[in-house]
Amino acid sequence: MSDRRKPYPFDVIEPKWQTRWDERRLFHAANPGDPGFDPAQPKYYVLDMFPYPSGAGLHVGHPEGYTATDIIARYKRFRGFNVLHPMGWDAFGLPAEQYAIRTGQHPEITTRENVARFKTQLKRIGFSYDWEREIATTDPGYYRWTQWIFLQIYNSWFNPETQRAEPISTYTGDDPDSVRLAYVAEVPVNWCPELGTVLANEEVIDGKSEVGGFPVVRRPMRQWMLRITAFAERLIDELEPLDWPEGIKLLQRNWIGKSAGSEVRFAIEGSAEAITVFTTRPDTLYGATYMVLAPENPLVARLTTNEQRKTVADYKAEISAKSDLERTDLAKDKTGVFTGGHAINPASGERVPIWIADYVLMSYGTGAIMGVPAHDERDFEFAQKFALTIKQVVARGSAPVPGAGEGVSPSRTSLAGSIAEKPAPETGAPPGEIQSAFIGDGVAVNSPLIDALPTAEAKHRIIAWLEEKGLGRRTINYKLRDWLFSRQRYWGEPFPIVWEGGKHRALSADELPLVPPALDDFKPTGTGEPPLSRATDWVRHSEKATRELNTMPQWAGSCWYYLRFCDPENASRFVGEEAERYWMSVDLYVGGTEHAVLHLLYARFWHKVLFDLAYLTTNEPFQRLVNQGMILGEDGRKMSKRWGNVIDPLDVIADYGADAFRCYEMFMGPLEQMKPWSMNGVEGVSRFLARVWRLLMEENQAGEWILSSALTETAPDKGQLRVIHATIKKVTTDIEALSFNTAIAQMMIFVNAFTNTETRPVEALRTLLVLLNPFAPHLASELWESLGAKFPISPNEITDQPWPEHREEFLVEHEVEIALQVNGKVRVRVSVPIAATPEELESLAQANPRVQEFIAGLTVRKVVVIPGKLVNVVAN
RNA sequence: GCCGAUGUGGCGAAAUGGCAGACGCAACGGACUUAAAAUCCGUUGGGCUUAACGGCCCGUGCCGGUUCGAGUCCGGCCAUCGGUACCA
């Protein structure tokens, strides 16, 4: 291909315009107070999810979203907006560190090289970023403020009364460290003794390290945590008004996993202690025939009887050898052992055995459950396996049993009553031979306090009783866990924390940035100590104090980069107040679904903390979110080295040009949809652009491109005006709707309509070039310039033109073709005057010979007239 | 399991409840050319029928419903893809 003649000289014009845009600072957005800032202009902040600059360079997936936002950015500029469209680098991260371990090359160098490569690639595609706002999370000028934000989080707490983050100074309790939004806790991590490091869950496969296949065990280690759970309620509620895809909102809600229920306290037999469980079904309390604690629950040691001590210890050892993944993967079959201890069911007074099992997680609820096998699938499976009592306490049915009072009727009666009302298959089986758990709502039975009550009311009643007796209370639980915020890595932001006498303390803001020490050896130390421990001088903060050795996770930098873009040079504040007030929030945020939960949740969390502390004026960062779909290989499979189906954007650009690449990415299909790449498709779009080129240009004898002699200053004819204005209308509404594929299709219709005309009105082509400019900016700019050489216009830059407005009057036709239907089937199409009244259309239809033919011998029952569309004659 | 998305020609896809398949690809035919490429013009959902112009029937994953009219709305299935997984 590259040896073939180019359909138009994109290889010359694209670099030319890219250089010119840079020189003219065309895409630089002025901040309030800057020279050239126009307060009358509305603002528009359109943001891409910034990339991790990997060694592999860009793939075709990146530019899909970037092209979409670029079209919007260029369009909004035409529309008179002050557009903020920035780009930067999420540059801390593991690959650079691992590369450093292998080669000894400092991650900073690797990162710099990768950033340079990415930037070259992005520039070659012609994106209209304001490069003067470029940021990298690894710049000290940037991570200084990442550390500063951490300090704000560290120095605040969540006041449950105001439901807001507040400075720690407003906390009046004894132990501020127990309520800080950043705190230290012992949490279990994946520890690989052989590699001497902690591994992420994704790095552990079947209980072995992904690298080397060494055994991995879970072991508690001291970690920094962020108290995101305090914001769970607000993270759900404040999601509601955002203009995000419903699916993403749902994903976040499910991740936060709110469930309402109650805590119930079970007394332990022969002990002053009690076990508190969380349940969403307190109405099934009478059916709790056993209890299960998580193996890690500290109560286990105190409950276990001497006879069971060895069994329990063995089981715990077995469990701790399993990784999280293994523990859940192998969850096909329930396991567990009896502790020997018993508790008392507070409702029934029955004595119930206490077990431990790994299907109960220490990290959710209270790390203990009441086992209600008749009404919970997992409990049912467990009870079956270990032959525990199964007691039915909810019967199918919805209406309360007539005449049944509260807790007075014998349970047997109400059970019989509800069966009579709505028989269910399994209730025919005698008690103890229940075939499966009934987990739906129904009517309480065998539960004296709440018999005959429907589930909702039974829950309410039993909670009231528990609260009255001091045995429990209504609570809400979340799946969301606090955010494990520390990593034992080198290439990340050091914590602005020092330790002295076993206590942590924050650095002051003027000690920032805290720069990581220069290291030659980035390898894990083998002891579990982070690599920073090697830098002994750096670690010593003072005579008595030493620095925190962990670093922050990669998420930290991406939690607030959209704020820094508003004011990237500011040396005295993470973002200037005026800049933040002017630019925030992000009007359009485009990126992949892979960040639907973590990044977007973490960023919202930080934003809310900063908002509560009055550093920001907005409560949410991203007003509108759009996810682009994945681009698959030509074979319909996910692009990967393994399949050899990876497409390199630069290869495509070398053959067809950046404009064709951009347009093809948008023409493939709807932005949000997953779709396969097709080189033939690129070819087609490239042909379209070449046709646009030849609409204005022709070759002279010498083979040079010159302005076409078909161009004239004449006015477009009626047919042409219709196409022009239909195109303005469709392209405009389609861009607003992010429906770029159909916008391009309409421009193709335009070009087809003008391709073989003898004379081409310059006016029509000017309009086309402006409409095309957001999609194919190099081509449109070049042609505009060429056109201006012979047909000057003021202002003479395409980017200074107003966006065209369509005029309805050019779209209306005198005649319109409508369909005549008989009984819903189209029988003939006829041309009718646009002004024809419904009555006229009706009689016209009935008089039509074709219609006559089909209604012959039938009685016309009804005639439906849709003016401009069709007439449907209903007859039988 | 659960949650979500998607099912329309040979392919990527269009269609405020109102003429299904716009636009593009591929394929085929034609023009130009010594020839090819490029370019331009045309045909192109399937079946039946006609010498031809035409005409008829079927068709948006499957089954049903609402409606004068359903790719679109409702109910029930099936398939593919993605996410998630003992969350009490």
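In what follows, chains are A, B, ... by sequence order, proteins preceding strands, each numbered from 1.
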Is there a side-chain polar atom (N or O) of [X] under 4.0 Å from OP1 or OP2 of [N]?
X	N	result
A/K675	B/G12	no
A/R827	B/C56	yes
A/R687	B/A26	yes
A/R694	B/A38	no
A/S259	B/A88	yes
A/K825	B/C58	yes
A/N752	B/G24	yes
A/N741	B/G12	no
A/R850	B/C56	yes

Inter-nucleotide [atom1] distance ([N], [M]), Å rounded:
N	M	atom1	value
B/U72	B/G7	C1'	14 Å
B/C78	B/C41	P	50 Å
B/A26	B/C74	P	39 Å
B/A22	B/C77	P	35 Å

Inset, instruction - Examine distances only and state if a side-chain atom of A/Y315 and a backbone atom of A/D358 form a donor-acceptor pair shorter than 3.5 Å. - result: yes
What's the closest nucleotide to the [X] side chain, out of [options]?
X	options	answer
A/Q821	B/G18, B/C25, B/A22	B/G18
A/P670	B/C86, B/A13, B/C40	B/A13
A/A745	B/A88, B/C41, B/A22	B/A22
A/T279	B/A88, B/U39, B/C40	B/A88
A/K334	B/G12, B/C81, B/C86	B/C86

Inset, instruction - Determine whether any donor atom in the side chain of A/N680 lies under 3.5 Å from an acceptor atom in the base of B/C25, or the reverse, and answer yes or no. - result: no
Does a side-chain N-to-carboxylate-O contact under 4.0 Å join [X] and [Y]?
X	Y	value
A/E233	A/K258	yes
A/E808	A/K729	yes
A/R281	A/D376	no

Legend entry - Close aromatic pair by centroid cut-off 6.0 Å: A/F667 and A/F740: no
Inset, instruction - With A/K675 as reference, evaluate A/E665, A/E64, A/E634 under the salt bridge (charged side-chain N to carboxylate O under 4.0 Å, His left out) test and give the passing residue. - result: A/E64
Inset, instruction - If the plane angle is over 60° it's perpendicular, under 30° parallel, otherwise tilted; pick one for A/Y664 and A/W677. - result: perpendicular
Would you indicate what [X] reaches in the nucleic acid, counting non-hydrogen atoms under 4.0 angstrom: base, sugar-phosphate, or nothing?
X	value
A/F854	sugar-phosphate
A/I749	sugar-phosphate
A/N756	sugar-phosphate
A/S678	nothing
A/V864	base
A/M674	sugar-phosphate

Inset, instruction - Could you state the atom-to-atom distance from NZ of A/K729 to P of B/U16 in whole Å? - result: 13 Å
Close N/O contacts between protein and nucleotides 1-7 of chain B (under 3.5 Å):
none

Inset, instruction - Name the orientation of the base relative to the sugar in B/G9: syn if the glycosidic angle is within 90° of 0, else anti. - result: syn
Legend entry - Six-ring centre of A/F754, A/R760 cation under 6.0 angstrom, axis tolerance 45°: no
Inset, instruction - Evaluate the criterion ring-ring contact (aromatic ring centres under 6.0 Å, His included) for residue pair A/Y290 and A/F382; output intermediate values, then yes/no. - result: CA-CA 10 Å; A/Y290 66 97; A/F382 191 76; 5.6 Å; yes
